[in-house]
2 protein chains.
Amino acid sequence: MPPKQNNAAKHAIYDQIRSEIITGKKNPGERLSIDTLKNEFGTSVTPVRDALQMLSQEDLVTIKPRSGYYVTLVSLKELNDMLELREILELAAVERAAEKITDEQIEELKAVHAGFTNDNDETYSRYTQENIIFHYLVAKASGNDSLALHVRRLHDRLARFMIIIRSGSFMTDVHNRLIDRLIARDPAGAKRTLKKEMDEARTAIMDRIMREEAGSWHLGAGNAT
Amino acid sequence: MPPKQNNAAKHAIYDQIRSEIITGKKNPGERLSIDTLKNEFGTSVTPVRDALQMLSQEDLVTIKPRSGYYVTLVSLKELNDMLELREILELAAVERAAEKITDEQIEELKAVHAGFTNDNDETYSRYTQENIIFHYLVAKASGNDSLALHVRRLHDRLARFMIIIRSGSFMTDVHNRLIDRLIARDPAGAKRTLKKEMDEARTAIMDRIMREEAGSWHLGAGNAT
DNA sequence: ATTTAAAAATTGATATATCAATTTGCAATG
DNA sequence: CATTGCAAATTGATATATCAATTTTTAAAT
């Protein structure tokens with residue numbers, strides 16, 4: 001997380017839009033109108049533009065100059081590339097994490113995991129957020145903050161598609177097993193467990209999307225121009 | 001490279017400041033005054049703020065709200081983390097690149113390499129830029145654009161420190177050897193060659209900096225507050 | 001001389017106004 | 001009926017003005 005900035009308006013707008021994109025409340029291709037947003041938040045255009053500008057730098061928003069701001073459309077290839085990159089980053093991270101994770105970090109991980117194991121009544125958006133945090137904490141335990149940050153940002157962009165994988169117990173089981181391997185300080189085992197999870201997620205996502213969106217060029221609901 | 005945006009003012013400012021930070025013309029900690037920049041470019045504050053906002057999202061600029069914009073200060077740990085991350089990303093990239101690089105891509109690589117082998121009269125800033133392009137092209141040959149983009153962005157942030165490694169022939173030799181291994185479609189050899197380069201760069205950078213900046217908390221010249 | 005407090009100045013954040021490009025809709029034409 | 005060209009409307013980019021925070025200066029007190 002970047003250093004806390006007491007920059008009220010801009011960050012409130014940024015956080016909300018970001019969260020709405022990540023959790024899929026705003027669909028790819030959907031327009032983000034400055035005018036609408038500024039009314040919604042009761043501000044002027046400046047903080048809205050700032051927020052959208054920031055999001056575009058994270059590839060969550062695409063700017064068509066003098067035309068509009070849109071939730072970024074992801075192509076099939078881009079999605080596949082991101083999933084591959086995810087494996088590279090997270091495998092490197094767990095390997096290191098399993099060697100140097102502290103007991104406190106394990107407790108933190110357990111706490112987060114318990115948090116989204118229990119309450120099934122919660123919305124998927126909450127689940128999505130906590131899944132990101134779980135994987136971020138694992139990456140953080142690698143000791144490499146830069147690596148961890150990249151993992152988190154990538155997860156942000158992938159989150160919309162991860163919803164496909166929300167098959168209840170599967171993820172819970174895998175996360176439990178991963179925690180076990182981390183407690184055992186077993187790099188190879190942790191790597192194997194995580195790789196299995198990521199591979200299954202990847203094929204599930206790609207299969208599902210190839211079937212559902214066979215005709216369209218870009219992913220997501222909107223199908224906007 | 002993000003899709004071309006015909007957004008004149010903002011992008012001109014963004015490109016120039018970015019380049020000045022990367023090549024070390026602007027030192028870490030140095031202030032980037034909106035007022036100065038707007039006069040320099042003959043624009044109003046809006047495009048300047050946009051550009052700085054974007055740069056802060058890439059961690060090249062740090063915002064102190066209601067106070068000022070500064071070239072980001074990098075701690076020793078952050079530098080070390082980034083160098084480690086670089087190895088993770090680039091090793092994964094060459095491995096794939098050596099398997100699937102096309103003849104055209106090899107020619108492109110040779111061309112860029114020749115470009116900064118010959119003219120020694122050029123400034124280091126030119127050298128820095130071309131080194132980034134070389135490594136970016138290798139990553140691009142992996143076929144994973146997302147991975148390649150991350151490599152490029154990381155190099156942007158590392159470039160300032162790479163200048164330490166500009167020991168003439170060393171880099172030229174290694175790059176030649178790397179091209180050889182790519183032509184031979186030898187993943188293991190390419191990986192070994194690149195790892196050697198990166199390891200040497202890393203220790204050289206860290207050693208030099210630990211000696212030079214022993215006292216100060218942050219890296220770079222400025223030592224600004 | 002050093003520290004503290006208050007005030008002045010600097011600077012960025014936010015708001016509003018104007019400008020320029022793009023997009024949309026309608027009408028004319030083949 | 002489809003297509004092209006023009007005009008109107010929408011929308012973002014840029015410019016300017018105002019506001020609020022921070023930083024610096026200065027002067028007083030210890």
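To find a chain, count down the sequence lines: A is the first, B the second, and so on, and within it residues start at 1.
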- Message: Nearest heavy atom decides the nucleotide; on that basis, is A:Arg31 or B:Ser67 closer to the 5' end of DNA chain C?
- Response: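 Per heavy-atom nearest nucleotide, the more 5' residue is B:Ser67.
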
Mind calculating the distance between [atom1] ([X]) and [atom2] ([N]) to the nearest angstrom?
X: B:Gln53; N: C:dA13; atom1: CD; atom2: C1'; value: 10 Å
X: A:Ile34; N: D:dG12; atom1: CD1; atom2: P; value: 5 Å
X: B:Ile63; N: D:dT22; atom1: CD1; atom2: P; value: 15 Å
X: A:Lys64; N: C:dA20; atom1: NZ; atom2: P; value: 22 Å
X: A:Leu52; N: D:dG12; atom1: CG; atom2: C1'; value: 11 Å
X: B:Tyr69; N: C:dT11; atom1: OH; atom2: P; value: 14 Å
X: A:Asp35; N: D:dA13; atom1: CG; atom2: C1'; value: 14 Å

- Mind checking what makes side chain to side chain contact (heavy atoms under 4.5 Å, CB included) contact with B:Asp145, not counting sequence neighbours?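 If we apply the side chain to side chain contact (heavy atoms under 4.5 Å, CB included) test to B:Asp145, skipping adjacent residues, the hits are A:Lys77, A:Asp81, B:Lys140.
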
My understanding is that only residues two or more places apart in sequence, or in another chain, count here; which of them pass side chain to side chain donor-acceptor pair (under 3.5 Å) with [X]?
X: B:Glu40; result: none
X: B:Thr36; result: B:Ser33
X: A:Glu84; result: B:Arg96, B:Asn144
X: B:Gln16; result: B:Glu20

- Contact pattern, 5' to 3', of nucleotides 14-19 of chain D - B, S or - by protein heavy atom under 4.0 Å: BBB---

- Item | Ring-ring centroid check A:His155 A:Tyr136, cutoff 6.0 Å |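 Distance test on ring centres: not under 6.0 Å, no.
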
